[in-house]
*Asks:* 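Here you go, one structure.
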Amino acid sequence: AGLNTAAVAKGLLYFGSATDNPELTDSAYLTQLSNRDDFGQITPGNSQKWDATEPTQNTFSFTKGDVIADLASTNGQKLRCHNLVWHSQLPSWVSSGTWTNATLIAAMKNHITNVVTHYKGKCYAWDVVNEALNEDGSYRSSIFYTTIGEAYLPIAFAAAAAADPSVKLYYNDYNIESPGSKSTGAQKIVKLVQSYGAKIDGVGLQAHFIVGSTPSKSAQTTNLAAFTALGVEVAYTELDIRMTLPSTAALLAQQSTDYQDTVAACVANAKCVGVTIWDYTDKYSWVPSTFSGQGAACPWDDNLVKKPAYTGILNALGGS
Ligand code: G3I
């Protein structure tokens with residue numbers, strides 16, 4: 001069995017991968033992405049972000065996002081929708097606009113209402129707010145935080161819930177995968193949104209890890225339990241585990257262990273619904289362009305050949 005088949009047999013809802021529009025012209029890539037034995041879920045890596053969906057104010061563009069949504073539908077895969085409110089990949093009319101509390105709330109609500117309504121019934125979940133925190137757990141000074149204050153979070157969740165009452169609403173961030181200040185900050189966000197009476201269903205743990213310094217399975221298990229104790233589900237949403245190049249047999253073996261530990265932590269928590277890797281092949285990973293000299297972060301190599309990490313994931317899922 002493949003990764004998704006094994007995941008579902010273990011009680012998860014899906015095992016999935018991110019993808020992006022330019023890669024879909026690569027037919028070998030597309031064939032493997034569409035293989036539901038391995039991937040029961042996909043996430044658009046860029047094409048539902050604010051710069052793509054509302055490049056000028058109140059003019060919406062869903063063409064690229066629809067390509068990924070239609071692909072998921074054709075393949076019988078769930079779609080994780082990503083994302084609505086984030087400090088990065090904002091069009092300049094948002095990031096460099098002149099805003100008051102009231103005008104930015106109105107623009108944010110209009111964005112959320114239009115995008116969520118367009119994709120209504122097509123998404124398993126929305127990442128409503130992405131990466132709101134600094135490493136110490138305090139709020140990042142985004143245009144949203146500096147203009148609106150922390151209330152922008154519950155306002156965003158409430159607007160998403162109003163537009164689609166059925167879709168799962170997530171807070172999504174990185175470096176919240178083991179106990180510490182930032183994870184505690186994310187738990188505070190869950191409580192904040194709940195305290196406003198707004199709906200929050202889940203926390204997405206991105207899990208952009210480094211080979212050899214991936215949090216242990218027990219640290220991750222403890223951490224997931226702290227979230228699910230608040231009444232929300234959890235998912236690993238952007239898992240990849242990078243290394244300093246060149247890759248060696250020893251690094252690939254450690255990477256396999258690190259993938260296995262992470263997926264096993266999800267399996268161990270009844271409210272961890274799934275794992276998404278941030279693209280499945282090193283050929284299209286975001287890592288080398290962001291971290292010079294690093295890469296080989298995915299379970300499939302540049303030639304779309306499975307690496308030891310694939311077996312590590314399968315082991316965690318009890319498959320063979
Ligand atoms: O669209 C332009 C294109 O017109 C231009 O020719 C090209 C030249 O550089 O750039 C294109 O934009 C790039 C965009 O991806 C689309 O390919 C940006 O430069 C590039 O920075 C952007 O990177 C994305 C990154 O988010 C931006 O922060 C990655 O593909 C995407 O995988 C990554 O995903 C994020 C998640 O959304 C949130 N968590 C972290 C994760 C990894 O950074």
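Order of listing sets the numbers, starting from 1, for every ligand and every atom in it. From a predicted model like this one, the values you see are computed outputs, not experimental measurements.
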*Asks:* Distance only, no hydrogens: is a donor on one side chain within 3.5 Å (strictly under) of an acceptor on the other, for Gln260 and Ser256?
*Replies:*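 No, no side-chain donor-acceptor pair sits under 3.5 Å.
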
*Asks:* Do Val116 and Val94 belong together in a cluster built from hydrophobic side chains that touch within less than 4.5 Å?
*Replies:*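 Yes, it is one cluster - the side chains of Val116 and Val94 are joined through contacts under 4.5 Å.
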
*Asks:* Take atom 24 (C) of ligand 1 and look for protein heavy atoms under 4.0 Å from it; say yes if you find one, no if not.
*Replies:*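 Protein heavy atoms within 4.0 Å of atom 24 (C) of ligand 1 - there is at least one.
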
*Asks:* Is there a ring pair (Phe, Tyr, Trp, His ring centres under 6.0 Å) between Tyr174 and His208 once you walk through the steps?
*Replies:* CA-CA 7 Å; Tyr174 60 92; His208 293 294; 7.3 Å; no

*Asks:* Going by the atom numbers of ligand 1, which of them fall below 4.0 Å from some non-hydrogen atom of Glu131?
*Replies:*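 Heavy-atom distances to Glu131 below 4.0 Å select 38 (C), 39 (N), 40 (C).
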
*Asks:* Centroid separation under 6.0 Å, is that true for the rings of Trp300 and Tyr259?
*Replies:*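 Between Tyr259 and Trp300, the centre distance exceeds or equals 6.0 Å.
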
*Asks:* Give me the residue, atom name and distance of the protein heavy atom closest to atom 32 (O) of ligand 1.
*Replies:*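 Here the nearest protein heavy atom works out to Trp278 NE1, 2.9 Å.
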
*Asks:* Identify, for atom 36 (C) of ligand 1, the protein heavy atom at the shortest distance, and state residue, atom and that distance.
*Replies:*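 Going by distance alone, atom 36 (C) of ligand 1 is nearest to His82 NE2, 3.4 Å.
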
*Asks:* For atom 7 (C) of ligand 1, is some protein heavy-atom partner under 4.0 Å away?
*Replies:*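 It does not: no protein heavy atom is found less than 4.0 Å away from atom 7 (C) of ligand 1.
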
*Asks:* What do we get for Asn172 next to ligand 1 when only non-hydrogen atoms under 4.0 Å count, side chain, backbone, both or neither?
*Replies:*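 For Asn172, there is no contact with ligand 1 at all, from either part.
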
*Asks:* Does the protein place any heavy atom closer than 4.0 Å to atom 27 (C) of ligand 1?
*Replies:*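 So atom 27 (C) of ligand 1 has protein heavy-atom neighbours under 4.0 Å.
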
*Asks:* Below 4.0 angstrom, counting only protein heavy atoms, does anything approach atom 30 (O) of ligand 1?
*Replies:*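 It does: a protein heavy atom is found less than 4.0 Å away from atom 30 (O) of ligand 1.
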
*Asks:* Using a 3.5 Å distance criterion without hydrogens, assess whether the side chain of Gln41 forms a donor-acceptor pair with backbone atoms of Tyr14.
*Replies:*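 Not confirmed, Gln41 side chain does not pair with Tyr14 backbone.
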
*Asks:* So if I apply the side chain to side chain donor-acceptor pair (under 3.5 Å) rule between Asn175 and each of Lys182, Glu135, Gln206, which one comes out positive?
*Replies:*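 Result: among Lys182, Glu135, Gln206, Glu135 is the only option passing the side chain to side chain donor-acceptor pair (under 3.5 Å) with Asn175.
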
*Asks:* Are the ring centres of His82 and Trp278 closer than 6.0 Å?
*Replies:*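 Close enough - the centres of the two rings lie under 6.0 Å apart.
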
*Asks:* Name the closest protein heavy atom to atom 33 (C) of ligand 1, giving the residue it belongs to and the distance to 0.1 Å.
*Replies:*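 For atom 33 (C) of ligand 1, the nearest protein heavy atom comes out as Lys49 NZ, 3.7 Å.
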
*Asks:* Please tell me whether Trp126 and Tyr170 form a close aromatic pair, meaning their ring centres lie under 6.0 Å apart.
*Replies:*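 Not close enough - the centres of the two rings lie 6.0 Å or further apart.
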
*Asks:* So among Tyr29, Tyr310, Phe15, which one has a ring pair (Phe, Tyr, Trp, His ring centres under 6.0 Å) with Tyr280?
*Replies:*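 Only match with Tyr280 under ring pair (Phe, Tyr, Trp, His ring centres under 6.0 Å): Tyr29.
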
*Asks:* Does atom 41 (C) of ligand 1 have any protein heavy atom closer than 4.0 Å?
*Replies:*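 Protein heavy atoms within 4.0 Å of atom 41 (C) of ligand 1 - there is at least one.
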
*Asks:* Charged N to carboxylate O under 4.0 angstrom, Asp301 versus Lys283?
*Replies:*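 Not counted as a salt bridge, because no side-chain N and carboxylate O are separated by less than 4.0 Å.
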
*Asks:* Look up atom 21 (O) of ligand 1 and tell me if a protein heavy atom lies less than 4.0 Å from it?
*Replies:*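 Protein heavy atom within 4.0 Å of atom 21 (O) of ligand 1: absent.
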
*Asks:* What is the nearest protein non-hydrogen atom to atom 16 (C) of ligand 1, stated with its residue, atom name and distance?
*Replies:*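 Of the protein heavy atoms, Asn46 ND2, 3.6 Å lies nearest.
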
*Asks:* Of the side chain and backbone of Tyr174, name the one, both, or neither that has a heavy atom under 4.0 Å from an atom of ligand 1.
*Replies:*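 No part of Tyr174 comes within reach of ligand 1.
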
*Asks:* Give the atom numbers and elements of ligand 1 that come within less than 4.0 Å of a heavy atom of Asn130.
*Replies:*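 Near Asn130, the atoms of ligand 1 are 38 (C).
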
*Asks:* Should you measure from each heavy atom of Trp86, which atoms of ligand 1 turn up under 4.0 Å away?
*Replies:*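 Matching atoms, with element in brackets: 28 (O), 37 (O), 38 (C).
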
*Asks:* Any donor-acceptor pair under 3.5 Å linking the side-chain atoms of Ser285 with those of Asp279?
*Replies:*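 Result is no, nothing qualifies.
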
*Asks:* Would you verify that at least one protein heavy atom lies under 4.0 Å from atom 3 (C) of ligand 1, or report that none does?
*Replies:*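 So far as the 4.0 Å threshold goes, atom 3 (C) of ligand 1 is out of reach of every protein heavy atom.
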
*Asks:* With a 4.0 Å cut-off, strictly under, does atom 38 (C) of ligand 1 pick up any protein heavy atom?
*Replies:*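 So atom 38 (C) of ligand 1 has protein heavy-atom neighbours under 4.0 Å.
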
